[in-house]
Structures are given as C-alpha cells and as structure tokens.
Amino acid sequence: QVQLVESGGGLVQAGGSLRLSCAASGRTFNSNTMGWFRQAPGKEREFVAGISWNGGSTLYADSVKGRFTISRDNAKNTVYLQMNSLKPEDTAVYYCAARASIDARGYITRSVYEYNYWGQGTQVTVSS
C-alpha cells in the first residue's frame, strides 16, 4: 500500500521557520514529480511547490517564492519543504503529493488533478 506521511508541522510565530518532511512507502517515487499543496479553512487546495524527479527543476507559487524551498532525497524516498519568513497567511494544512507517471523530462504541474497520491496533511499555524 502506497503511503505518503507528512511531518514537521506545528505552531510558529510570524517570521519563523519550519521544515516539513514527506516520507513515501509502498513504492519508490524516484522517477516522479512530487509537490506540496496547502488548504486553508474555507479555501480550495492550492499549489505551493513542485520538484522534478531528480531535483533539477522546481516550481513555486508566487506567494511563497523566495521564502520556501522544496528539495528531495531519493535515497530516502523523501521530499522536504523548508519554510522561512512565515506569515499568518501561510496557515493551512499542508499536503504532500506525488504523480504516478514517470516524468523523465522534468515536468512539474500546479494542478491538483495531476497528482495521484496524497498524504494525510500536517497543520501549520503561524501566529502574528
């Protein structure tokens, strides 16, 4: 059974940092694009960041560019999201996602519909 398990969420003051991790099990995603999304109460799930299979390409939402960094360690089947300079508007449940298809050309998508596997989410709360 494929599982994506997020960790690292919590409560932090504005300006602080958190590092989210997403560990995959049940299959390897070394050839697949992975991403982070978030969903705030009453809002739709939105793209935060994506990374190609080898980490050679990354894509960010404008709202987090320059503050968040996505990375991956294929040896550990894990993807990370380093979040710096956090703002209250970053408060949301953060989800890890992975595509089922092999993305050898570094394809990254912002669309929730193009990711096939999802974690259960981890809460990030930023206080002002």
Rounded to the nearest 0.5 Å, what's the gap from OG1 on Thr58 to CZ on Arg72? Could you check?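 The distance works out to 12.0 Å.
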Using 0.5 Å steps for rounding, measure from the OG atom of Ser21 to the CG atom of Leu81. 9.5 Å
Apply salt bridge (charged side-chain N to carboxylate O under 4.0 Å, His left out) to the pair Lys87 and Asp90, showing each step before the final yes or no. CA-CA 5 Å; Lys87 304 175 181 180; Asp90 294 318; over 6 Å; no
Which pair of heavy atoms, one from Gly9 and one from Val124, lies closest together, and at what distance? CA-CG2, 4.2 Å
Supply the atom-to-atom distance Thr33 OG1 to Asp103 CG, rounded to the nearest 0.5 angstrom.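 Here the rounded value is 3.5 Å.
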Close side-chain approach of Ile108 and Ser57, heavy atoms under 4.5 Å: yes
Closest contact, heavy atoms only, Asn74 versus Asn30: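 Minimum heavy-atom contact is O-OD1, 3.1 Å.
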Do Val112 and Val93 share a hydrophobic cluster (ILVMFWY, side-chain heavy atoms under 4.5 Å, transitive)? yes
Mind listing the closest non-hydrogen atom pair of Trp53 and Ser31 along with its distance?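 Residues Trp53 and Ser31, closest heavy atoms: CB-C, 3.4 Å.
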If two hydrophobic side chains count as joined below 4.5 Å and joins carry through other members, does Met34 share a cluster with Val64?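 Shared cluster, yes.
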List the atom of Leu4, the atom of Phe29, and the distance in Å for their closest heavy-atom pair. CD2-CE1, 3.8 Å
Any pair with a residue in residues 105-121 that passes salt bridge (charged side-chain N to carboxylate O under 4.0 Å, His left out), sequence neighbours left out, goes on the list, sorted by first then second residue, please. Arg99-Glu114
Given 3.5 Å as the limit, does a donor-acceptor pair link the side chain of Tyr60 with the main chain of Ile70, or not?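 Yes: the side chain of Tyr60 pairs with the backbone of Ile70.
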Do Asn84 and Ser17 pair up side chain to side chain, a donor and an acceptor below 3.5 Å, judged on atom types alone? yes
Donor-acceptor pair between Ser52 and Asn54 side chains, under 3.5 angstrom: yes
Hydrogens and angles aside, do Thr125 and Gln123 bring a side-chain donor and acceptor to less than 3.5 Å of each other? yes
Hphob cluster co-occupancy, Phe68 + Ile51, side-chain heavy atoms under 4.5 angstrom: yes
Would you find a donor on one side and an acceptor on the other, under 3.5 Å apart, between the side chain of Ser111 and the backbone of Thr109?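 Such a contact is absent between Ser111 side chain and Thr109 backbone.
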Would you say Tyr113 ends up clustered with Val2 if hydrophobic residues are merged whenever their side chains have heavy atoms under 4.5 Å apart, either directly or through other cluster members? no
Phe37 pairs by ring pair (Phe, Tyr, Trp, His ring centres under 6.0 Å) with which of Trp118, Tyr94, Tyr95? Trp118
To the nearest 0.5 Å, tell me how far Asn32 CG sits from Tyr115 OH. 11.0 Å
Please check if atom CG in Leu11 has more than 12 non-hydrogen atoms from other residues, nucleotides or ligands closer than 6.0 Å.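 Buried by this count: over 12 neighbours within 6.0 Å.
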Nearest-0.5 Å distance, OG of residue Ser25 to CG of residue Asn77: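 It comes to 8.0 Å.
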If you round to the nearest 0.5 Å, how far is CZ of Arg38 from CD of Glu89?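 Reported value, rounded in 0.5 Å steps: 8.0 Å.
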Path from Val126 to Met83 over hydrophobic side-chain contacts below 4.5 Å: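 Yes, same cluster.
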Residues Ser128 and Pro88: closest non-hydrogen pair is CB-CG, 3.8 Å
Does Glu6 reach the main-chain N or O of Gly121 with its side chain, forming a donor-acceptor pair under 3.5 Å? yes
Any disulfide bond (SG atoms under 2.5 Å apart) pairs touching residues 9-100, not counting sequence neighbours? Cys22-Cys96
